[in-house]
Structure formats: C-alpha cells, structure tokens
Amino acid sequence: MHTTPAASEPALSLPKACPEPVEGRLALSHLAPGTVQSEIRAMSVACDQMGGINLAQGVCDTPVPAQVEEAAIQAIRDGHNIYTRLDGIARLRNAIAAKQQRDYALAYDPETEVLVASGATAGLHAACMALLNPGDEVLLFEPFYGYHVATLKSLRIDPVLVPLAEPGWALDTDTLHAAITPRTRAIILNTPSNPGGKVFSLSELETVAEVCRLQDLFLVTDEIYEYFVYDGLRHISPATLPGMRERTIVISGFSKTFSVTGWRLGYVTADSKWMPAMSYFHDLTYVCAPSALQHGAAAGLEQLPPSFYTELAASHQDKRTRILSALTATGLTPTTPAGAYYVLADASSIPGKTAAEKARNLLAATGVASVAGSAFFRPGRGENLLRFCFAKKDHDLDEACARLRRLSST
Ligand code: PMP
C-alpha cells in the first residue's frame with residue numbers, strides 16, 4: 001500500500017534499481033478470454049433487431065401488482081433514496097421472515113438471518129464468496145441454469161454436473177453419489193427448475209438432503225420460481241427437511257413473483273452463522289439493494305392476499321397450456337414442465353446442425369425467439385432442444401403461438 005509522506009518529511013528518492021520491466025501486463029485476466037455473451041442475451045439482441053417476440057429471455061413482462069408499484073413510487077417521494085443497512089430495510093427483512101414462516105414454517109430471525117440482495121443472482125454470488133474456496137467442487141443438476149455454472153466458474157470454483165434422466169428429469173441416486181469427491185463442498189439445487197420445469201419431489205429432496213448430511217455439504221437452493229407450480233403440485237423448501245436448516249442457504253427473490261426483473265431485488269435466508277460473511281460480500285459489490293424498491297417488495301409481501309399467489313400459478317398454467325398446444329401443433333414436441341415458466345421442446349424438425357442454428361432459423365422463419373437447449377447442458381448435449389419462455393402478456397404469447405402454428409402449415 002502507498003502512503004503519502006508527512007509534510008515535514010523529505011520526499012522519498014526514487015529507488016535506484018527499478019524492477020526490470022515485464023511485458024504483457026496490459027492484458028485481460030485468465031478467465032476473461034473464455035467469457036462469451038450468454039445465448040439467452042444473444043437471442044434477445046437478435047430478436048430486438050428484427051422486431052420479433054422474445055420467448056428467449058425470462059423477462060417476465062406481465063403486470064406489476066399495483067400495491068408493489070405504488071409503494072415503490074411513494075417511497076421515492078417519501079425520500080427513501082439513500083443507502084440502506086447492508087442487509088436491507090427492517091420492514092422488508094421482517095416481511096421476508098414472516099413469509100418464510102407462513103409458507104414453509106421456517107423460522108428466520110429478521111435481524112440476523114435475512115439478507116436482502118440485489119436479485120437472487122447477487123445472493124448466490126455473495127453465498128459463494130462467503131462459503132466456498134477456489135478449487136472446491138459444487139454439484140449442479142443438468143440441465144442447469146447458466147448463471148449458476150458461470151458464477152461458480154467466475155470464482156474459480158469447479159462445477160460438477162449431475163445429469164437428470166429423461167423423461168421427466170428424474171434424479172438417479174447412484175449418479176448423484178458417483179459425482180462426489182473429497183473436493184465437493186456444496187450442491188446447488190433449483191426447484192422449480194429453469195429450464196426443465198422440474199419440481200423436485202419429497203423423496204428426491206430427501207435423497208439430496210441425506211447426501212448433504214452424510215457428506216457434510218452445504219445445500220444452496222434457488223427457489224425463485226417457488227410460486228410457479230402447476231397441476232396441484234406443491235413447492236417444498238429443502239431447508240424444511242430434518243437436519244437441513246443449518247446447512248441450507250435459501251435464495252429467492254421478487255423478479256418473477258412481482259414481475260420486476262429489472263428492479264434487482266432478491267433475498268437469502270440462512271442460519272445466522274453464515275449471514276455476516278454473506279452480507280459483507282454483498283455489501284462489497286452492491287452496497288445495498290435498491291432502497292425505494294425494497295419498500296415496494298415489502299408492501300407486496302405485507303398486502304397481497306393468498307389468492308394472488310394461487311392466481312399467479314393458475315394464470316401461468318393457462319399460458320403453459322397455450323404454448324404447449326402451439327408447440328405440439330408445430331411439430332416441436334414439448335416436455336410438459338411441472339413448474340417455472342419455460343418449456344423445452346424437441347427441435348429435430350427445424351433445420352440447423354446445432355441448437356443455436358435452429359434457434360436462429362426459427363427466429364428468421366417466425367419472428368419468435370427461443371434459446372438453444374445447448375445453453376443448459378455440457379458440450380454436445382441439448383443440440384436438439386429449444387427453450388421457450390411463456391411468462392408473457394397474453395396478447396404477445398398468443399401472437400407468438402399463432403406465428404409458430406403458421407410454421408406448421410408452410
Ligand atoms: N435463478 C433462476 C433459476 C432464474 O431462472 C433466474 C432468472 N432467469 C434468476 C435466478 C434471476 O433472479 P434475479 O432476477 O432475482 O437475479
């Protein structure tokens with residue numbers, strides 16, 4: 001560290017022997033050359049360029065609940081525009097703790113066990129910074145959500161993929177056991193999942209929990225689609241399983257539930273042992289989540305009735321029905337998702353050697369953007385799949401479905 005000499009001290013003379021100059025210091029980091037724009041963002045850009053309908057990115061452009069919107073606007077007017085406590089405003093931490101109690105009978109102390117994060121994405125990053133070391137291995141289920149893998153890699157943590165079995169993306173216990181090595185530290189689990197729409201069953205979660213307990217692993221759960229569960233299924237928060245609360249880092253957020261993906265608001269709930277370090281690393285990158293918007297999310301949690309959440313699931317189940325029918329009619333045979341709001345469809349009938357080519361060809365032919373399935377699998381897998389997001393306004397979804405149907409008649 002450089003220090004400035006006190007005014008009375010004589011100025012330091014330059015060292016006689018400067019170190020030999022080293023070439024190549026003006027260079028990218030070791031990781032940077034391997035980074036590429038995600039397929040999801042690339043397809044969104046291509047879609048915008050041609051004025052298409054974007055079923056690629058999970059932007060979720062359905063309306064924001066009025067209570068959430070009004071409270072955020074009011075908070076700006078009331079002067080809630082400055083930094084908040086590093087783990088968020090008390091009102092929102094209390095509301096999150098109350099929600100976890102209401103929905104899952106999980107007790108978290110709002111003073112010490114809730115972190116309001118700048119999105120679930122920031123929550124995961126802070127958790128990895130606080131709990132894992134470079135060279136650790138973390139298990140993820142494949143198909144996976146790209147940000148999970150990329151976040152680990154950016155921190156020099158090694159993702160290890162555990163393939164789920166088709167049909168239905170079932171968990172095979174032996175495959176899970178076989179993936180564990182002495183370097184394994186954690187499992188990341190996303191339920192309901194993106195992109196497969198898998199809702200982990202109780203017995204699958206018990207298997208995962210048993211492995212975590214036996215091997216002394218963290219379980220990091222991304223539950224951002226907790227309210228998007230269909231056909232009467234129930235979301236189970238893995239922290240509720242015996243012996244799991246202490247080792248489970250629960251990550252969720254408001255992007256999807258309140259249709260505010262651009263607000264960057266999420267949260268982490270976890271045992272107080274882990275929270276100071278997670279809050280520290282979140283502070284380092286984000287300082288705090290957007291202040292006024294925290295009031296909007298708090299108002300939503302406080303005021304929206306239980307029917308809001310059941311209607312959210314029902315309206316998305318209806319959207320799911322529409323897209324499944326259009327995809328089937330077009331010959332893009334879909335797998336029915338049990339949760340979340342994405343469909344993986346078989347794109348064998350679309351020209352193109354790779355899924356990325358198929359996605360671009362489909363966009364050119366219909367003006368409907370999807371994402372190459374290969375974005376969610378290890379290299380070589382997913383090349384015959386496309387992912388479609390159905391969290392769209394009904395009008396846009398219907399237009400996209402009509403365009404897809406027209407493809408079948410050409
Ligand atoms: N987790 C999953 C599984 C997601 O699909 C997404 C959005 N695509 C996120 C997290 C992002 O959440 P946030 O906007 O809260 O960062």
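Please read all numbers here as calculations on a predicted model, not as lab measurements. Each ligand, and each atom within it, is numbered from 1 in the order the structure gives.
- Under 4.0 Å from ligand 1, the heavy atoms of D222 that appear belong solely to its side chain.
- Taking atom 9 (C) of ligand 1 as the reference point, the nearest protein heavy-atom neighbour is Y145 OH, 3.5 Å.
- Using a 4.0 angstrom heavy-atom cutoff, A120 counts as in contact with ligand 1.
- Close approach of ligand 1 to R264 is summarised as follows: ligand atoms under 4.0 Å from at least one heavy atom of the residue are 13 (P), 14 (O), 16 (O).
- With hydrogens and angles left out, the side-chain atoms of E226 and Y104 include a donor and acceptor closer than 3.5 Å.
- The shortest heavy-atom distance from Y225 to ligand 1 is under 4.0 Å.
- Atom 11 (C) of ligand 1 has T121 OG1, 3.6 Å as its closest protein atom, hydrogens excluded (heavy atom only).
- For R85 and E111, the salt-bridge test passes: some basic side-chain N is under 4.0 Å from an acidic carboxylate O.
- The atoms of ligand 1 that sit less than 4.0 Å from any heavy atom of G119 are 15 (O), 16 (O).
- Using a distance-only test at 3.5 Å, with no hydrogens or angles considered, a donor-acceptor pair links the side chain of S201 to the main chain of E204.
- Annotation for ligand 1: atoms under 4.0 Å from non-hydrogen atoms of N190 are 3 (C).
- Looking at atom 12 (O) of ligand 1, its nearest protein heavy atom turns out to be I224 CD1, 3.5 Å.
- Proximity of G253 to ligand 1 is not established, as no heavy-atom distance is less than 4.0 Å.
- Looking at F308, F258, Y309 one by one, the single match for ring-ring contact (aromatic ring centres under 6.0 Å, His included) with Y227 turns out to be Y309.
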Before you tell me yes or no, could you show the steps for Y341 and C389 under side chain to side chain contact (heavy atoms under 4.5 Å, CB included), namely the whole-Å CA-CA distance, both residues' side-chain angles and the distance that decides it to 0.1 Å? CA-CA 6 Å; Y341 49 53; C389 169; 3.8 Å; yes
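- Contact of the L152 side chain with the D158 side chain is not registered, since no non-hydrogen atoms from C-beta on lie closer than 4.5 Å.
- Ligand 1 lies within reach of K256, whose nearest heavy atom is under 4.0 Å from it.
- When heavy-atom distances to ligand 1 are checked against a 4.0 Å cut-off, S255 comes that close only through its side chain, counted from C-beta outward.
- H148 and N190 share no side-chain donor-acceptor pair at under 3.5 Å.
- In plain terms, the two heavy atoms of L362 and T366 that are nearest each other are O-OG1, 2.6 Å.
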